[in-house]
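What follows is one structure encoded as structure tokens, with my remarks underneath.
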Protein chains: 2
Amino acid sequence: MKKLINAPEQVVKEALAGMADAHADLLTVHYDPDFIVRADAPIANKVGLVSGGGSGHEPMHGGFVGKGMLDAACPGAVFTSPVPDQMLAATKAVSAGKGVLHIVKNYTGDVMNFEMAAELAAAEGIEVASVVTNDDVAVKDSLYTAGRRGVGVTVLMEKIVGGAAEAGADLAEVKRLAEKVNAHGRSMGMALTSCVVPHAGKPTFDLPDDEMEIGIGIHGEPGRTRVKVGHAADIAAMLAAPILEDLPFKQGDHVLAFVNGMGGTPLIELYLMYNELNKILAGQGITISRRLIGSYITSLEMAGCSFTLLKLDDELTKFWDAPVLTPALRWGY
Amino acid sequence: MKKLINAPEQVVKEALAGMADAHADLLTVHYDPDFIVRADAPIANKVGLVSGGGSGHEPMHGGFVGKGMLDAACPGAVFTSPVPDQMLAATKAVSAGKGVLHIVKNYTGDVMNFEMAAELAAAEGIEVASVVTNDDVAVKDSLYTAGRRGVGVTVLMEKIVGGAAEAGADLAEVKRLAEKVNAHGRSMGMALTSCVVPHAGKPTFDLPDDEMEIGIGIHGEPGRTRVKVGHAADIAAMLAAPILEDLPFKQGDHVLAFVNGMGGTPLIELYLMYNELNKILAGQGITISRRLIGSYITSLEMAGCSFTLLKLDDELTKFWDAPVLTPALRWGY
């Protein structure tokens, strides 16, 4: 195992310490229970937004804490759900009396623990609503999931809903918008290589030197198929087709195209994949009105990429464009 | 070779096409000769800033074209210098009568070709000044370099000098500031793995499963030493010590700390390495006043990182903080 770490059990805490020092203007890190929170939380007259999940997907979620996006994020151990104590502490830290929304990716542990935290928070008088993302079209059920997995749409939801919460939307409105983002978005990913979880010390799965996995999950969960590594144009088609059919997206639609790197894929390849996606969509009369290209929801050092398409309307576009100031996304401030 | 590409000879053009579509609000891509230029170039009453080099280091340099940073960038083939025709065309495209600065990394081909382009531009009546970055303390001469290699300081220079040019500084002033950034900055990098140049189809160098290369160049050029992979704390010390001794940096200094990923290293490890660097500097009474953490000057999918320290004063800090709006760096707009 080749990693820039000291010891597997210290990775998350030490990376958090780095974030705490680097971004002290934006966020504060609390330990035991671990959570990252906006430096100015709680914000008066604002719905609090809390997300979280296993570590190893950076910058998600901690890198999205800041103005116009999340109020707090709860990092679990690598690829392991955070515990309810973290979620409860984060919820209390961001509660300003206007309610708190939990943004949860659809993995069994995350869903269960966020539900428990919501009950505990309710018992302390905090109104909590929840939304679960399940945008991955690759498989119906998966290794850690009943139903579809939550992947790239989570990033877009945190930005868009963050914009609405910053603008003063109430809890019901924020929840409605979050559900709309999930309903309008679809994703699919692929891997050229596995990643290595620090505690495991060896690749999560074996992939021959000439094969790739289409429909991979962000923890290396099996996808739809393994095939020989092909051309970027063919890979793009294999990812785009199931997404386009599923919603379905159709001629005349305007979309946000999110081309995401899995952590070990260089930016030059992501721009090349974006170019392929752009050609596919243009061929179907679909217009890319907004885009995000980079490694935002990752699987440690896995090589590969995912596509997420979000069907846009004026409301979604407005809140995507709204100012944001976080470690990983910043514009308009 | 596992890459998200169609064919080695198409990688650069296809990635450029992706950039052109994705960032049409900021930049325009010209082909044959290839260069990326600000969409609003030339800017009246502004010194033009042109950089460039081999592709494979993305987002450098094309991702730094935009307001408050570069006016144009010339991408060569992967790890291959662009040719004078590209540099001349870019220089002419950004020339507004106030002169043009070439920011050149110290590699033999880049230096020679930018010199030729400067002469050609001068023959057409454009005043050109040049600055060469050579901040890599690892080795005195290298595979493609007489003298030290230009690495991370280039990114910081493009931002800081870009701020000054945007504020109206003249060519002599911009050149003075660029030389100051180079004089105030030092870097050193390391690799856990090699990268694979598309045309070569195999790793640039062989590195055993339990070894790392300290002092690596951004094209995989040999560094100072190969040692067993150790703890992040020890790796950070091996990178920081030669940097700190060289300037030298000393107690009371304020620095910009740039922890850069080589392309295949996940962000969680970069924050962990930043934490180690922060502890080392704190122990020597050096304060990190500004920081940049992420993969900004890369070597395709190489795993590893580099540290760059830039000694700050009020002038450098002011232009680092100035607004920037490019694909890869954006704040203040």
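Chain letters run A, B, ... following the sequence lines, proteins first, then strands; residues in each count from 1.
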Quiz item: Which residue out of B:Gln10, B:Met302, B:Glu211 racks up the most heavy-atom pairs below 4.5 Å with chain A?
Solution: B:Glu211
Practice problem: Indicate whether the side chain of B:Glu301 and that of A:Thr265 have a donor and an acceptor atom separated by less than 3.5 Å. | Solution: no
Quiz item: Who wins among B:Ile5, B:Asn6, B:Leu292 for the most heavy-atom pairs under 4.5 Å with chain A?
Solution: B:Asn6
Practice problem: Answer with side chain, backbone, both or neither: which region of A:Met273 has an atom nearer than 4.5 Å to a non-hydrogen atom of chain B? | Solution: side chain
Exercise. Just do the salt bridge (charged side-chain N to carboxylate O under 4.0 Å, His left out) check on A:Lys13 and A:Asp34 with the steps written out, would you?
Key: CA-CA 8 Å; A:Lys13 295 251 191 215; A:Asp34 298 349; 2.9 Å; yes
Quiz item: Side chain, backbone, both or neither: which part of A:Val259 has a non-hydrogen atom closer than 4.5 Å to chain B?
Solution: neither
Practice problem: For each of A:Pro266, A:Ala328, A:Pro323, A:Ala303, tally heavy-atom pairs with chain B at distances under 4.5 Å, and name the one with the top tally. | Solution: A:Pro266
Quiz item: If we only count heavy atoms from C-beta on, is the A:Met188 to A:Ile214 side-chain gap below 4.5 Å?
Solution: yes
Practice problem: Check whether A:Leu207 gets within reach of chain B through its side chain, its backbone, both or neither, counting any heavy atom under 4.5 Å. | Solution: both
Practice problem: Give me the ring orientation class for A:Phe79 and A:His219: parallel if the planes are under 30° apart, tilted from 30 to 60°, perpendicular past 60°. | Solution: perpendicular
Self-check item: Structural part of A:Ile293 lying under 4.5 Å from a heavy atom of chain B
Solution: side chain
Quiz item: Does the side chain of A:Val37 reach to within under 4.5 Å of the side chain of A:Leu27, using non-hydrogen atoms?
Solution: no
Quiz item: Does some side-chain heavy atom of B:Tyr274 sit less than 4.5 Å from a side-chain heavy atom of B:Ile288?
Solution: yes
Quiz item: Any idea which of A:Val229, A:Leu325, A:Leu300, A:Val12 has the most non-hydrogen atom pairs under 4.5 angstrom with chain B?
Solution: A:Leu300
Practice problem: Kindly check if the number of other-residue, nucleotide or ligand heavy atoms within 6.0 Å of CG (A:Asp209) is above 12? | Solution: no
Quiz prompt | Heavy-atom pair count under 4.5 Å with chain A, highest-scoring of B:Met262, B:His23, B:His57 | solution = B:His23
Exercise. Please determine, among B:Val11, B:Val78, B:Ile268, the option with the most heavy-atom pairs under 4.5 Å with chain A.
Key: B:Ile268
Quiz item: Given side chains that start at C-beta, do those of A:Phe64 and A:Lys159 come closer than 4.5 Å, heavy atoms only?
Solution: no
Exercise. May I ask you to name which of B:Asp210, B:Thr193, B:Ile235, B:Asn278 has the most heavy-atom pairs under 4.5 Å with chain A?
Key: B:Asn278
Quiz item: Below 4.5 Å, heavy atoms only, C-beta onward: do B:Leu256 and B:Leu309 meet side chain to side chain?
Solution: no
Quiz item: Looking at B:Glu58, B:Glu14, B:Glu269, which has the largest count of heavy-atom pairs under 4.5 Å with chain A?
Solution: B:Glu269
Quiz item: Side chain, backbone, both or neither: which part of A:Arg330 has a heavy atom under 4.5 Å from chain B?
Solution: both
